[in-house]
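Accompanying notes for the structure given below.
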Number of protein chains: 2
Amino acid sequence: MKGYGWSDAPMVSPGDPEEGGLPRWESIAVEAVGHVIEFWGFKHNQGRVWALLYLRATAMSATQLEDALGLSKGGVSMLVRDLERWGVVHRVRQPGAGAWHYASETDLVRMVTRVIEERELAFLSRIRAELTEARRVASSAPGVARDRLARLERMNSLAQAAERALRVFLRTARLDVRSMLATFRDPGAALRARGSAPLSVPQQKS
Amino acid sequence: MKGYGWSDAPMVSPGDPEEGGLPRWESIAVEAVGHVIEFWGFKHNQGRVWALLYLRATAMSATQLEDALGLSKGGVSMLVRDLERWGVVHRVRQPGAGAWHYASETDLVRMVTRVIEERELAFLSRIRAELTEARRVASSAPGVARDRLARLERMNSLAQAAERALRVFLRTARLDVRSMLATFRDPGAALRARGSAPLSVPQQKS
DNA sequence: CGCCAAGTTCACGTAGTCTTGAACGCGGTG
DNA sequence: CACCGCGTTCAAGACTACGTGAACTTGGCG
């Protein structure tokens, strides 16, 4: 797999280029989102771009994004294109300027769950199909011991379980998110909601 | 992220080396598990090794694994070592032979959920910590507009939601799996249990 | 009509991960 | 004691994904 903050080095390296002059707090947040998004199977920079656009409520031009995040022209182009395709960023004409400006939508999470839904679920179903196929082939082949077949069968139900679990996950995630979107759209709600569900984090290593 | 059966090419390439002579059904199943396991953040070949050991109820030597799966000597060594460390494979002395033989445990799934739990959950918590930090820095810095802060706050609750969702996922996955382990341990149960899973299940070792 | 800036596309370089294969250590056997 | 097979380790290679930057296209405006 990919990066995953495995190491114990800080995720935002303390002495790095300082993000082309982004205020430190923005830089931290942007980077954090970058990591989350990468975690869910997207590109780090897609997350960074979205996060920056989201944090500044205002739309930004490609050039601004370039030197705010230290990306190349081509890079920004491809990144915003992807984000646009997923509907989490849209381009607008800014009154004064000739160039396009990009603005974030709030439904990053929707994108994540939807894409995961499509991608991962399809993936798992496919696996299950393969296992079924294997079982078919095996049972119609001569000389395959019975307990071997049984094991295949059990593997199959394992895949089924995984798929079921993922499905549940997506459903609950969507619920969580839906209740959160309200928060997202209603400024101030976030502050009000602070108390609920503190969810302390049990830390355990092996 | 990684491979993810994105493309529409068949997952088991039709004309490939035929896995050093594995029967086709075994090859399909082994490959399927390989993909699943990779999906969860492990190596493809770790899944293949485990799957083969599991499908053959019998223990196999390193050499057997090598040419059954087309791996190198060093590769097998490292793979089984990892699997051993995770407790999903263990080595045994075979009566007749001098070399080690490897056998599979049934709790592959347990391993997956546990590792995910430790790894991913820690990851998400960390993100949340970072966002909190960003908020701290931002609020103690001069001239940060109020709505910017609010947006940060909302991001934070987004991360919280993700974490909560993951937690739920792991919990349900574990339930599903637990009910399945019975199936795994009890040959023949797979056939009986086809409909819905039995719920009372003996919990065992860690 | 042609210019210039913005945007897009693509071959290449780079970084990171996984696998290989050779060198080494170990233990048993003739 | 030397040999030989098995297991381990590690540096080098293969492979893949990502970002870059230059060439190219597009669109607005004089």
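Quick caveat, the model's predicted, so the values are computed rather than measured. Residue numbering restarts at 1 for every chain, and letters A, B, ... go by the order of the sequence lines.
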Please report the distance, rounded to the nearest Å, between [atom1] in [X] and [atom2] in [N].
| X | N | atom1 | atom2 | answer |
| --- | --- | --- | --- | --- |
| B/Trp100 | D/dG5 | CH2 | P | 20 Å |
| A/Asp82 | C/dG7 | CG | P | 16 Å |
| A/Gln94 | C/dA5 | CD | P | 20 Å |
| A/Met60 | C/dA6 | CE | C1' | 16 Å |
| A/Phe42 | D/dA17 | CZ | P | 16 Å |
| A/Glu66 | D/dA22 | CD | C1' | 14 Å |
| A/Arg93 | C/dA5 | CZ | C1' | 12 Å |
| B/Gln64 | D/dG7 | CD | C1' | 16 Å |

For this session: Could I get the full list of side-chain hydrogen bond (donor to acceptor under 3.5 Å, both in side chains) partners for B/Gln46, not counting sequence neighbours?
Result: B/Asp82

Problem set entry | Any donor-acceptor N or O pair under 3.5 Å, side chains B/Glu31, B/His44 | yes

Seminar exercise, completed: Given protein heavy atoms under 4.0 Å, the one-letter contact record of nucleotides 19-30 of chain C, with B base, S sugar-phosphate only and - none, is simply BBB---------

Exercise. Thinking salt bridges, do A/Arg91 and A/Glu84 make one under a 4.0 Å N-O criterion?
Worked result: yes

Exercise. Are A/Lys43 and A/Glu38 ion-paired here, with the side-chain N under 4.0 Å from a carboxylate O?
Worked result: no

Exercise. DNA chain D: A/Gln46 or B/His101, which has the more 5' nearest nucleotide?
Worked result: B/His101

Exercise. Is it true that a side-chain atom of B/Arg24 and a backbone atom of A/Val137 form a donor plus acceptor pair closer than 3.5 Å?
Worked result: no

Exercise. Quick check: does any side chain N or O of B/Trp50 sit under 3.5 Å from a backbone N or O of B/Glu105, one acting as donor and the other as acceptor?
Worked result: yes

